[in-house]
Number of protein chains: 2
Amino acid sequence: MQKYFISEEDFANNRITSDDVFHIKNVMRGKIGDEVLVGCNGKSYLVKLTKISSEVNFEIVEEKIGNHELPISVSIYQGYPKSDKIEEIIKHSTELGATSIVPTLMKRSVFKLDEKKKDSKLIRFQRIAKEAAEQSFRDVVPEIKDIVKLNRVDFSAFNKRILCFEEDAKEGEASNFKSVITSLEPGDNVAVVIGPEGGIDLDEVEWLKSQGFVSCAVGPRILRTETVVFYVLSAISYEMELKK
Amino acid sequence: MQKYFISEEDFANNRITSDDVFHIKNVMRGKIGDEVLVGCNGKSYLVKLTKISSEVNFEIVEEKIGNHELPISVSIYQGYPKSDKIEEIIKHSTELGATSIVPTLMKRSVFKLDEKKKDSKLIRFQRIAKEAAEQSFRDVVPEIKDIVKLNRVDFSAFNKRILCFEEDAKEGEASNFKSVITSLEPGDNVAVVIGPEGGIDLDEVEWLKSQGFVSCAVGPRILRTETVVFYVLSAISYEMELKK
């Protein structure tokens, strides 16, 4: 069943607006009486469509109780990668349960920020996250934060800090990541730092360690930057959400 | 350091041929005396370049001992997805340690096989796997098998059989996957079946269950087909390769 995240204002008015109207009409070929899921403020509702015009109106059938969120908050500080890989990362990280994604400029990021294009980029990123959250039945849409420089980030709000560092993988380090992940408890607020294609500069590694980050290898193979975040989020889900 | 997988014949002749020569010359800007890694027959060697012309010659410096392979064999039967997602799946599954990847036609695969293009497609897939294996420091290149129909597959060689089924995720199933993964032992031969975009048809699910497959949800969110395999391989690596 298709899900649409809508604003509080639209929810209060039992309506769906914006791009979602196009989607209901032209992609889903929606008809009056069809049921869809509506997400608002962390809650999900089964609704029935009552009118389809320039906006779509609905009546609520029932609230759907169900938890599709990780029991912890995970913020991904992703070293800004080449080309449009950041979009792939936003899409799949959303499916895998990330709470927020922060495109982060690091020393070895090749990407050059064009301030004029930044706002439209962030709007596009947020739309990718919304669509991926709808598709994966998330209860909330992850927040895509403003592009930041790594050395300007204040990590004080996080009580667990994970640095994924490929040099550790090359040296056979194999216990730090699992030690951190098995120590996680519901409600924890976790920061994960992942370098761009060229890896994290050693000065940055030292600074992150001084900020309390635990340097971890995610398995013995050298993963591409976009694959690291899939590993991290999958392992968190596997450890915390699945039972034997 | 760059790695190149070469044939036994080339290894016996201390040479690198084919596309890799272009890569050494034009991408790496290789010079005589440079060191690279050469992979052959599951072993890795540090070698020094001794001549660069239409082929590249080398002398062996030392064998590099190190294990970058999962302790089990994992064959991915991936429901053939839309567009070029199969290439993304081959690339990242290789990084994450898959032993073989089998593009599999299932009832809901939209992809139509063009027999005339099949051979060039398979050559391209195998090249993607080779490059991803080099980049991720694998000891072997996964085999990309011929495109098959699901109902023609003989799964008798596998002693563990995992079916990733999204309806289980919708119904809150949360223990089968972890039960199977924690039961894995080194040397196991595992088959993993993943549906295409539209999911696995119920007839196919029943047939797979009759073949001994355990139907599993991979977390409470509905993952895209290409994300499922990342979750499965990451969880296997996390469970078997990392220590607390």
Side-chain angles (χ1 to χ4, degrees), chain A residues 1 3 66-71 88 91-98 132-139 166 169-183 197 216-224 226-244, chain B residues 1 3 66-71 88 91-98 132-139 166 169-183 197 216-224 226-244:
Chain A
M1 185 170 292
K3 182 169 187 171
N67 189 0
H68 304 94
E69 295 301 315
L70 286 173
E88 185 188 347
K91 187 169 70 175
H92 297 309
S93 299
T94 297
E95 291 171 66
L96 291 166
E134 288 169 350
Q135 182 269 327
S136 57
F137 284 58
R138 293 279 304 261
D139 301 324
E166 64 167 17
K170 288 180 185 160
E171 284 165 19
E173 190 283 304
S175 62
N176 287 350
F177 183 71
K178 200 169 201 166
S179 293
V180 178
I181 300 302
T182 52
S183 80
E197 282 87 356
C216 305
V218 286
R221 290 164 295 281
I222 305 300
L223 304 181
R224 279 171 204 263
E226 69 269 30
T227 316
V228 174
V229 68
F230 309 155
Y231 191 113
V232 171
L233 290 168
S234 299
I236 291 173
S237 166
Y238 174 79
E239 182 65 46
M240 301 195 82
E241 295 186 314
L242 299 188
K243 292 183 275 284
K244 262 194 223 182
Chain B
M1 186 171 291
K3 182 167 187 172
N67 189 0
H68 303 94
E69 295 300 316
L70 285 173
E88 186 188 345
K91 187 169 71 173
H92 296 309
S93 299
T94 298
E95 291 171 65
L96 290 165
E134 288 169 349
Q135 181 269 326
S136 56
F137 285 59
R138 292 278 305 261
D139 301 325
E166 63 167 17
K170 287 180 184 160
E171 284 165 20
E173 191 283 305
S175 62
N176 287 351
F177 183 72
K178 200 168 200 165
S179 293
V180 178
I181 301 302
T182 52
S183 79
E197 282 87 355
C216 305
V218 286
R221 289 163 297 279
I222 306 299
L223 304 181
R224 281 171 202 264
E226 69 269 31
T227 317
V228 174
V229 68
F230 308 156
Y231 191 113
V232 170
L233 291 168
S234 300
I236 291 172
S237 166
Y238 175 78
E239 182 64 46
M240 303 194 80
E241 295 185 315
L242 299 189
K243 293 184 275 284
K244 263 193 225 184

Query - Region of B/L233 that comes under 4.5 Å of a non-hydrogen atom in chain A - result: neither

Query raised in the report: In a check of salt bridge (Lys or Arg N to Asp or Glu O under 4.0 Å) between A/R221 and each of B/E134, B/E69, B/E241, which one passes?
Result: B/E241

Query - Contact origin within A/A169 toward chain B - heavy atom pairs under 4.5 Å - result: neither

Report task. Just say parallel, tilted or perpendicular for the rings of B/F230 and A/F230, cut-offs at 30° and 60°. Result -> parallel

Query raised in the report: Using a cut-off of under 4.5 Å for heavy-atom pairs, which of B/R138, B/E173, B/K91 has the most such pairs with chain A?
Result: B/K91

Query raised in the report: A/E226 versus chain B, heavy atoms under 4.5 Å apart: side chain, backbone, both or neither?
Result: side chain

Report task. Can you measure from CG (A/L223) to OG (B/S237) and round to the nearest 0.5 angstrom? Result -> 8.0 Å

Query - Per-residue contact mode, A/D139 against chain B (heavy atom under 4.5 angstrom) - result: neither

Query raised in the report: About how many Å separate CD of A/Q135 and OG1 of B/T227, when rounded to the nearest 0.5 Å?
Result: 7.5 Å

Requested in this report: Check whether A/E88 gets within reach of chain B through its side chain, its backbone, both or neither, counting any heavy atom under 4.5 Å.
Outcome: side chain

Query raised in the report: If you look only at pairs with a residue in residues 174-183 of chain B, which of them pass as a side-chain hydrogen bond (donor to acceptor under 3.5 Å, both in side chains), with sequence neighbours excluded?
Result: none

Query raised in the report: If every non-hydrogen atom of A/N67 is compared with every non-hydrogen atom of B/P220, which pair is closest and at what distance?
Result: O-CB, 3.8 Å

Report summary line: Bottom line for A/L96: the part with an atom under 4.5 Å from chain B's heavy atoms is both

Query raised in the report: Can you name the closest pair of heavy atoms from A/S234 and B/Y231 and give their distance?
Result: OG-CA, 3.3 Å

Report task. To the nearest 0.5 Å, tell me how far B/K244 NZ sits from A/I181 CD1. Result -> 12.0 Å

